[in-house]
Amino acid sequence: MLDKTFDPAAVEPRLYQLWEREGAFAANPASAARPFTIMIPPPNVTGSLHIGHALTMSVQDTLIRWRRMQGRDALWQPGTDHAGIATQMVVERLLATQGLDRREMGREAFLKHVWEWKAQSGGSITRQLRRLGASLDWPRERFTMDEGLSKAVIQVFVTLHREGLLYRDRRLVNWDPVFQTAISDLEVESREVKGSLWHLRYPVEGEPGRFLVVATTRPETMLGDTAVAVHPEDDRYKDLVGRHVILPLVGRRIPVVADPYSDPEKGTGAVKITPAHDFNDFEVGRRHNLAMPSVLDADAKVILAEIAAGLSADGGDPDFVRALEGVDRFEARKRIVARLQELELVEKIEPHTHAVPHGDRSGVPIEPRLTMQWYVDAKTLAQPAIRAVETGQTVFVPRQWENTFFAWMRDIQPWCVSRQLWWGHQIPAWYAPDGEVFVAHSEAEAAEAARRKFGREVTLVRDPDVLDTWFSSALWPFSTLGWPEKTPELAKYYPGDVLVTGFDIIFFWVARMMMMGLHFMQDVPFRTVYIHGLVRDEKGQKMSKSKGNVMDPLELIDAFGADAMRFTIASLCGPGRDVKLGRKRVEDNRAFVTKIWNAARFLEMNGISAPQGFDPSKVETPLARWILDGANRAIAECTAALEAYRFDEYAAAGYRFVWGSYCDWFIEFAKPVLNGPDGAEKTEVKGVAGHVFGTILRLLHPVMPYVTEELWHLFGFGPEGSLIRTAWPEAVPVPEAEAARVELDWVVSLVSEVRGARSEMNVPPSVTVPLLLQGASAATLARADAWSEAIRRLARATEVRMLGGPPPKGVAQVVVGETTVMLPLADVIDLAAERARLAKARGAAETDAKKIAAKLANPDFVARAKEEVVEENRERLAAAEAEIARLDAALARIAG
RNA sequence: GGGCGCUUAGCUCAGCGGUAGAGCGCCUGUCUUACACACAGGAUGUCGCAGGUUCGAUCCCUGCAGCGCCCACCA
């Protein structure tokens with residue numbers, strides 16, 4: 001006997017182990033089956049499973065299980081990402097608690113710590129993925145820094161370099177002063193900051209008492225100013241162009257240049273130019289051949305080396321400036337402003353709110369810094385990727401995300417890929433003492449190249465920098481399959497079928513996989529990109545620790561089971577929508593899991609299990625035909641929904657069929673048969689009950705793997721194998737399905753109408769009365785007779801028969817099709833209430849009829865609307881009018 | 001500043017050219033031998049606003065408003 005309720009905590013680990021033991025998740029490159037590939041977006045090794053993972057992984061698992069059941073050779077490729085900055089940060093913090101500092105211990109020792117840490121806690125995310133039920137092909141698990149993937153990274157780096165698509169350049173980068181590394185544009189986020197706009201007076205050379213006033217939000221960078229720019233058309237400053245001003249404090253002469261970058265509307269229209277600390281100024285500096293002295297170091301502290309020579313007491317204050325050496329940028333700002341105020345060189349200070357770029361991980365303002373870095377020529381690599389989406393080789397779902405993709409790709413900037421970190425793929429570049437660079441697969445290869453170049457042995461030093469984490473992630477779709485080796489996996493599983501991810505990493509990851517995949521594999525990395533929303537709380541707010549609204553998927557699984565959580569996620573996963581997840585919803589959906597469980601208990605109680613030799617195409621009872629027809633439709637709906645990535649519709653279709661058809665009606669209709677005598681009918685009903693239950697388990701397995709697999713085994717389905725490897729259901733031809741549908745639909749409406757009338761009349765369930773049919777056709781009478789037992793049970797009737805003679809006094813009446821059904825309830829009901837009820841029904845029918853009649857009275861409608869629409873309206877009008885007539889008759893009977 | 005999306009029942013959302021739907025919540029009954037994580041019944045909407053196209057608009061077009069997001073922006 002099945003337990004009273006399903007116990008996920010006991011069942012889930014057992015089944016997961018069973019699947020793993022059976023090798024149920026394994027792809028088979030040797031099989032002839034058509035592949036279906038999903039590459040997991042590799043979670044950070046530092047990570048633990050959060051609700052966003054639960055969403056994306058549930059979706060992927062649903063897809064992979066479904067396709068696997070369809071007979072595809074499904075590969076869901078697992079793995080994790082080394083996550084450069086994030087991991088280094090975590091380990092550094094850990095070491096700090098032990099009083100250790102990476103700089104003191106050195107690179108090698110630090111990396112040893114990171115690897116140790118990874119060995120200890122790196123597996124937690126993969127253990128947590130198992131709890132979700134994720135059917136990943138674990139033996140194929142990869143790590144972005146394992147040997148094979150590192151080889152791929154070097155191969156790509158060297159190749160791109162040889163092709164001129166990867167190069168070193170000295171230009172401004174986004175510098176994160178906390179992590180002391182360059183970061184890419186994507187790792188920078190704008191934050192609104194309330195600051196000030198300082199208007200500074202720069203004395204005009206040779207014209208004592210005249211000042212050129214510049215407005216700035218960053219007075220501390222003035223030390224590095226090498227010009228002031230004004231707009232060529234700006235009459236206010238025309239006479240100053242070509243002349244010089246004296247940079248206060250520093251005492252350096254700097255030119256006034258005319259440059260269209262200067263906006264007369266902004267600030268004072270004159271803008272100080274600090275080429276080494278501002279992206280726009282850098283461009284201006286290039287155009288005017290300006291010097292580009294850096295005045296802030298890697299810590300964002302003042303450094304004077306590059307301007308020391310220009311310090312002058314004539315118009316400057318060298319002692320003050322020298323004292324700034326090593327001072328933090330914000331402290332320097334305060335001091336410089338204070339000093340300029342003393343010198344009466346501050347015209348005014350306005351409050352000013354503006355967007356300031358911050359490091360997305362460090363949270364501090366980034367500092368544009370002039371450094372030598374490695375860049376990928378993204379512009380060139382982007383072109384084939386853009387074309388691939390334009391031509392539909394890769395399709396985004398929902399489609400609108402293609403616009404986002406195009407917008408970014410068409411304006412893509414060089415990708416800075418070097419990072420001044422230790423944890424990551426060290427750049428395969430070696431420098432000779434003269435600075436000559438040798439990019440090679442190995443030190444030996446670099447040394448060989450150097451020997452050829454110099455004609456002798458030279459000492460090479462490897463570039464200490466590592467690559468952006470996304471550089472290796474970009475290769476994920478092929479590096480995990482063994483590239484650059486020509487493996488059977490690579491041949492079979494590339495390109496992948498679908499990539500599932502959130503819109504937040506379209507740029508970071510999707511775009512870059514497209515670029516690298518097309519360049520190195522000459523084909524897109526995936527045919528479809530399914531973009532889902534973000535998980536938010538039930539009020540639609542982003543989940544965050546500070547708001548305290550974070551939901552822990554593992555806690556939800558503990559509380560309600562993985563199936564309930566997965567089903568909830570699927571049901572909320574509509575197109576282009578964020579997923580607003582509340583704890584209550586998961587709890588509600590646990591009821592659905594329980595509903596399935598209880599249906600199973602009912603079957604068990606009636607001795608129903610997996611039917612042997614049951615042939616759905618040969619059933620004879622209308623009940624069997626009807627439920628099989630319903631199952632066919634559910635199969636079609638679920639399949640279509642999954643094909644369209646409509647997880648919400650898939651969940652809804654499954655729910656509707658199980659709860660609304662199988663449980664609410666089929667089981668109820670089956671009860672009289674099951675309680676009745678043994679025979680052909682009973683055998684068939686038991687058979688179809690078991691058969692359709694099996695269909696339900698198969699249909700729901702992709703989203704609710706555990707409860708379905710458990711019941712599959714308990715009911716003896718598929719003795720040869722687990723549900724996970726069972727075929728996805730397909731529609732079977734059902735004989736005379738239409739007739740069965742008409743018949744059962746009639747019974748359902750009869751029962752519903754009678755229940756409605758009884759309920760509205762407040763007839764207690766304990767009161768049972770005969771149902772007297774008036775005006776029933778022969779077919780209806782036959783149905784009433786055939787289904788009398790079910791009708792009696794469901795509509796609380798003593799009998800169902802033709803009204804013989806005049807109607808009794810005090811009846812409640814309902815109209816079902818051509819028949820008026822009378823319930824003799826003289827003692828129980830209030831006649832006035834019954835009259836009101838009938839009048840209301842008549843009113844509804846009349847409103848309906850009037851609307852349709854008006855439409856049909858419009859000659860334009862009849863002339864221009866489609867023929868079948870007109871015809872349909874005529875039929876509806878006739879039906880409404882007939883119903884009004886019957887209700888009128890019913891009212892007349894009561895009046896009399 | 002540029003772009004995208006959303007606005008439908010109290011809540012969360014489907015629908016997107018021809019009778020406004022679901023789940024939850026609410027109200028009324030019921031422990032009816034699978035299930036109270038349940039059963040039965042009921043109420044609830046000028047489908048954001050204003051125009052237009054159409055025989056017909058929640059659905060298509062235009063404008064407006066509100067909300068959300070992405071990109072750009074340190075004068």
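Protein chains get the first letters and strands the later ones, always in sequence-line order, with residue 1 at the start of each.
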Please state the [atom1] separation for the pair [N] and [M] - nearest whole angstrom.
{"N": "B/rU54", "M": "B/rC27", "atom1": "C1'", "result": "42 Å"}
{"N": "B/rG51", "M": "B/rG15", "atom1": "P", "result": "28 Å"}
{"N": "B/rC60", "M": "B/rA75", "atom1": "C1'", "result": "47 Å"}
{"N": "B/rU58", "M": "B/rU53", "atom1": "P", "result": "16 Å"}
{"N": "B/rU28", "M": "B/rA34", "atom1": "P", "result": "28 Å"}
{"N": "B/rC59", "M": "B/rC47", "atom1": "P", "result": "10 Å"}
{"N": "B/rG41", "M": "B/rG52", "atom1": "P", "result": "45 Å"}
{"N": "B/rG2", "M": "B/rG63", "atom1": "P", "result": "14 Å"}

Item to complete: Would you mind classifying the nucleic acid contact of A/Ala407 as base, sugar-phosphate or nothing, using non-hydrogen atoms under 4.0 angstrom?
Response: nothing
Discussion item. By the 4.0 Å heavy-atom rule, please label A/Phe6 as base, sugar-phosphate, or nothing.
Written reply: nothing
Practice prompt. Report yes if at least one side-chain N or O of A/Lys866 is closer than 4.0 Å to OP1 or OP2 of B/rC55; otherwise report no.
Written response: no
Discussion item. Is the phosphate of B/rA75 approached by A/His199 (side-chain N or O, under 4.0 Å from OP1 or OP2)?
Written reply: no
Practice prompt. Indicate yes or no for a side-chain donor-acceptor contact from A/His358 to the backbone of A/Asp360 under 3.5 Å, with no hydrogens or angles considered.
Written response: no
Worksheet item: Checking A/Asn606 side chain against A/Ile608 main chain: does a donor-acceptor pair fall under 3.5 Å?
Response: no
Without decimals, in angstroms, what is the distance between [X] [atom1] and [N] [atom2]?
{"X": "A/Asp504", "N": "B/rC69", "atom1": "CG", "atom2": "C1'", "answer": "11 Å"}
{"X": "A/Phe567", "N": "B/rA22", "atom1": "CZ", "atom2": "C1'", "answer": "12 Å"}
{"X": "A/Leu212", "N": "B/rA75", "atom1": "CG", "atom2": "P", "answer": "17 Å"}
{"X": "A/Phe279", "N": "B/rC73", "atom1": "CZ", "atom2": "P", "answer": "9 Å"}
{"X": "A/Ile505", "N": "B/rC71", "atom1": "CD1", "atom2": "P", "answer": "14 Å"}
{"X": "A/Asn174", "N": "B/rC73", "atom1": "CG", "atom2": "P", "answer": "9 Å"}
{"X": "A/Ile412", "N": "B/rC71", "atom1": "CD1", "atom2": "C1'", "answer": "13 Å"}
{"X": "A/Arg656", "N": "B/rA22", "atom1": "CZ", "atom2": "P", "answer": "10 Å"}

So, using ring-ring contact (aromatic ring centres under 6.0 Å, His included) as the criterion, who are the partners of [X] when residues are at least two apart?
{"X": "A/Tyr645", "answer": "A/Tyr530"}
{"X": "A/Tyr202", "answer": "none"}
{"X": "A/Phe405", "answer": "A/Phe396"}

Would you list the pairs meeting salt bridge (charged side-chain N to carboxylate O under 4.0 Å, His left out) in which at least one residue belongs to [range], sequence neighbours left out?
{"range": "residues 350-359 of chain A", "answer": "A/Lys348-A/Glu350"}
{"range": "residues 645-661 of chain A", "answer": "A/Glu637-A/Arg656, A/Arg646-A/Asp648, A/Arg646-A/Glu649"}
{"range": "residues 754-763 of chain A", "answer": "none"}

Item to complete: Could you verify whether a donor N or O on one side chain and an acceptor N or O on the other, from A/His231 and A/Asp263, lie under 3.5 Å apart?
Response: no
Worksheet item: What pairs with A/Ala300 under side-chain contact (heavy atoms from CB on, under 4.5 Å), at least two apart in sequence or on another chain?
Response: A/Pro177, A/Arg329
Response to the item:
Comparing nearest nucleotides in RNA chain B, the 5'-proximal residue of the pair A/Ile366, A/Glu872 is A/Glu872
Worksheet item: Which sits closer to the 5' end of RNA chain B, A/Val869 or A/Tyr655, going by the nucleotide each is nearest to?
Response: A/Val869
Worksheet entry | Watson-Crick and G-U pairing of RNA chain B, under 3.5 Å, as dot-bracket with | and [ ] | ((((((((.[[[[.)..(..]]]].(((((.......))))).....[[[[[..)....]]]]])))))))....
Worksheet item: Is any N or O donor-acceptor pair between the side chain of A/Ser190 and the base of B/rC73 shorter than 3.5 Å?
Response: yes
Which nucleotide in [options] has an atom nearest any side-chain atom of [X]:
{"X": "A/Lys855", "options": "B/rG23, B/rG18, B/rC55", "answer": "B/rG18"}
{"X": "A/Lys851", "options": "B/rU12, B/rC69, B/rA20", "answer": "B/rA20"}
{"X": "A/Arg864", "options": "B/rG23, B/rC55, B/rC70", "answer": "B/rC55"}
{"X": "A/Phe503", "options": "B/rA75, B/rC24, B/rC69", "answer": "B/rC69"}
{"X": "A/Phe507", "options": "B/rC71, B/rG18, B/rA75", "answer": "B/rC71"}

Worksheet item: Going by an N to O cut-off under 4.0 Å, is there a salt bridge joining A/Glu587 and A/Lys584?
Response: no
Worksheet item: Are A/Lys671 and A/Glu668 within salt-bridge range, i.e. N to O under 4.0 Å?
Response: yes
Worksheet item: side-chain hydrogen bond (donor to acceptor under 3.5 Å, both in side chains): which pairs involve residues 559-571 of chain A, sequence neighbours left out?
Response: A/Asp61-A/Arg566, A/Thr568-A/Asn589
Worksheet entry | Residues which pass salt bridge (Lys or Arg N to Asp or Glu O under 4.0 Å) with A/Glu875, listed by chain and number, not counting sequence neighbours | none
Worksheet item: Which letters describe nucleotides 28-38 of chain B, given B = protein heavy atom under 4.0 Å from base, S = only from sugar-phosphate, - = neither?
Response: ------BBSBS
Please produce a list of atom pairs where a protein N or O lies less than 3.5 Å from an N or O of nucleotides 13-16 of chain B.
unit_1, atom_1, unit_2, atom_2, d
B/rC13, OP1, A/Lys580, NZ, 3.1
B/rC13, OP2, A/Lys580, NZ, 2.6
B/rC13, O3', A/Arg577, NE, 3.4
B/rA14, OP1, A/Arg577, NE, 2.7
B/rA14, OP2, A/Arg577, NE, 2.9
B/rA14, OP2, A/Arg577, NH2, 2.9
B/rA14, O3', A/Arg646, NH2, 3.2
B/rG15, OP1, A/Arg646, NH1, 2.9

